[in-house]
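For reference, the structure is listed below as C-alpha cells.
Count residues from 1 along the sequence.
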Amino acid sequence: MAGKLEKVALKPVNIALGFAAGTLAGVLFKQAWKVVSGDDDAPDAGDEDRGWGEILAAAAIQGAIFAVVKAAVHRGGAIGTRKLTGHWPD
C-alpha cells in the first residue's frame, strides 16, 4: 500500500520536473543553435526558406539536448525518490 501512496504523492513532483526539463531543454537548444549557426531563430520544418540540411541538423541537435536533459532529470528524480523513501522507484 505504501508503494501506491508514494507513487500518487510523487506524481505532481514528476509532472513539475517534466515541465521544468522541457523548459530547460528549450532554452539550452536556443543557445546551442545560436552557437552552431549564428542565427537567433532555429528553423522550423515548415519554413520554406530553410534547406533540408539546416532543418535536419536543428532537429538532431534539439533531439539530443532533449534526450540528455530528460535522462538527467529522470535519473535525478529517481535518486531523490530513493533518498526520500529509502527505495528506488519502479
Side-chain angles (χ1 to χ4, degrees):
M1 184 70 170
K4 288 185 180 189
L5 183 59
E6 288 170 0
K7 283 184 180 182
V8 170
L10 290 172
K11 189 74 166 177
V13 173
N14 289 334
I15 290 170
L17 285 175
F19 180 76
T23 302
L24 175 62
V27 169
L28 291 174
F29 169 66
K30 286 184 178 213
Q31 292 301 316
W33 186 254
K34 282 183 191 179
V35 170
V36 170
S37 71
D39 192 358
D40 286 344
D41 295 323
D44 180 73
D47 191 344
E48 186 177 22
D49 299 327
R50 306 286 183 110
W52 278 95
E54 188 177 14
I55 289 169
L56 295 180
I61 293 167
Q62 185 178 35
I65 290 171
F66 272 82
V68 168
V69 170
K70 179 182 174 189
V73 169
H74 182 78
R75 182 70 179 189
I79 291 169
T81 298
R82 184 179 60 197
K83 286 181 180 179
L84 287 173
T85 66
H87 65 273
W88 198 259
D90 295 333

Let's go through I65 and Q31 carefully: what are the C-alpha distance in whole Å and the side-chain angles of both, what is the deciding distance for side-chain contact (heavy atoms from CB on, under 4.5 Å) to 0.1 Å, and is it a yes or a no? CA-CA 11 Å; I65 290 171; Q31 292 301 316; over 6 Å; no
Let me see the working for K11 and I15 under side-chain contact (heavy atoms from CB on, under 4.5 Å), right down to the final yes or no. CA-CA 6 Å; K11 189 74 166 177; I15 290 170; 4.2 Å; yes
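Interatomic distance, H74 NE2 to N14 CG, rounded to the nearest 0.5 Å: 8.5 Å. To the nearest 0.5 Å, atom OG1 of residue T23 and atom CG of residue L28 are 11.0 Å apart. If you take NZ on K30 and CG on D39, they are separated by 11.5 Å, rounding to the nearest 0.5 Å.
For F66, the side chain to side chain contact (heavy atoms under 4.5 Å, CB included) partners at least two apart in sequence or on another chain are A25, Q62.
At a threshold of 4.5 Å between side-chain heavy atoms, the hydrophobic network of Ile, Leu, Val, Met, Phe, Trp and Tyr places V73 and V13 in one connected group.
For W88, the CH2 atom sits in a packed shell: over 12 heavy atoms of surrounding residues, nucleotides or ligands are nearer than 6.0 Å.
D40 has its side chain out of reach of W33: every pair of non-hydrogen atoms, C-beta onward, lies at least 4.5 Å apart.
Residues E54 and P43 share a closest heavy-atom pair of O-CG, 3.6 Å. Residue L17 comes nearest to G77 through the heavy atom pair CD1-CA, 4.5 Å, listed as atom of the first residue, atom of the second, then distance.
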